[in-house]
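Below is one structure, written out as structure tokens, with a few remarks after it.
Keep in mind that what you see is a predicted model, and the values were worked out from it rather than measured. Starting from 1, each residue takes its place in the sequence as its number.
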Amino acid sequence: MRELFPSDTTIARSSPSGADAMWLRQIFLSRAAAEGGVVRRKVRDVERYVGRSVFLAEMERRGFSVVENAGQFVIFCNRSPLRRLC
């Protein structure tokens with residue numbers, strides 16, 4: 001059976017180590033992420049713990065879509081295309 005998500009054992013090359021990397025991994029351990037749902041994180045938390053570029057590189061590596069609005073990143077934990085309705 002094909003893996004739904006890329007392995008969590010490797011994070012993008014420019015990723016941090018230690019607690020910061022664990023913070024990033026915990027996003028994908030959530031039930032919503034595991035089921036291909038939607039998760040959100042505060043922009044300031046992402047920037048504080050791992051940095052915007054590392055975060056976005058990891059989302060791209062996984063094939064996930066991310067939108068930013070009102071200080072939040074909304075992560076679509078699947079590879080389905082987005083369609084804006086209005």
Task: Pairwise distance OH(Tyr49) to CD1(Ile27) - rounded to 0.5 angstrom - done: 11.5 Å

Open item on the list: How close do Ser80 and Ser65 get, counting heavy atoms only, and between which atoms?
Closed with: O-OG, 4.4 Å

Task: Glu60 atom CD, neighbour heavy-atom count above 12 within 6.0 Å - done: no

TODO: Only counting residues at least two apart or in another chain, list the ones meeting side chain to side chain donor-acceptor pair (under 3.5 Å) with Arg44.
DONE: none

- [ ] Can you sort out the partners of Arg40 under side chain to side chain donor-acceptor pair (under 3.5 Å), two or more places apart, ordered by chain and number?
- [x] Gln72

Open item on the list: Nearest 0.5 Å, please: how far is CZ in Phe55 from CD1 in Ile75?
Closed with: 3.5 Å

Open item on the list: Counting C-beta onward and ignoring hydrogens, is there a side-chain heavy-atom pair between Trp23 and Arg41 closer than 4.5 Å?
Closed with: yes

Task: Shared hydrophobic cluster for Leu82 and Val38 (ILVMFWY, side-chain gaps under 4.5 Å) - done: yes

- [ ] State whether the side chain of Arg62 and the backbone N or O of Arg79 hold a donor-acceptor pair below 3.5 Å, judged by distance alone.
- [x] no

- [ ] Rounded to the nearest 0.5 Å, what's the gap from CD on Glu47 to NZ on Lys42? Could you check?
- [x] 13.0 Å

TODO: Determine the minimum heavy-atom distance between Val54 and Val50, stating which atoms define it.
DONE: CB-O, 3.4 Å

TODO: Identify, with sequence neighbours excluded, every residue that meets ring pair (Phe, Tyr, Trp, His ring centres under 6.0 Å) alongside Phe76.
DONE: none

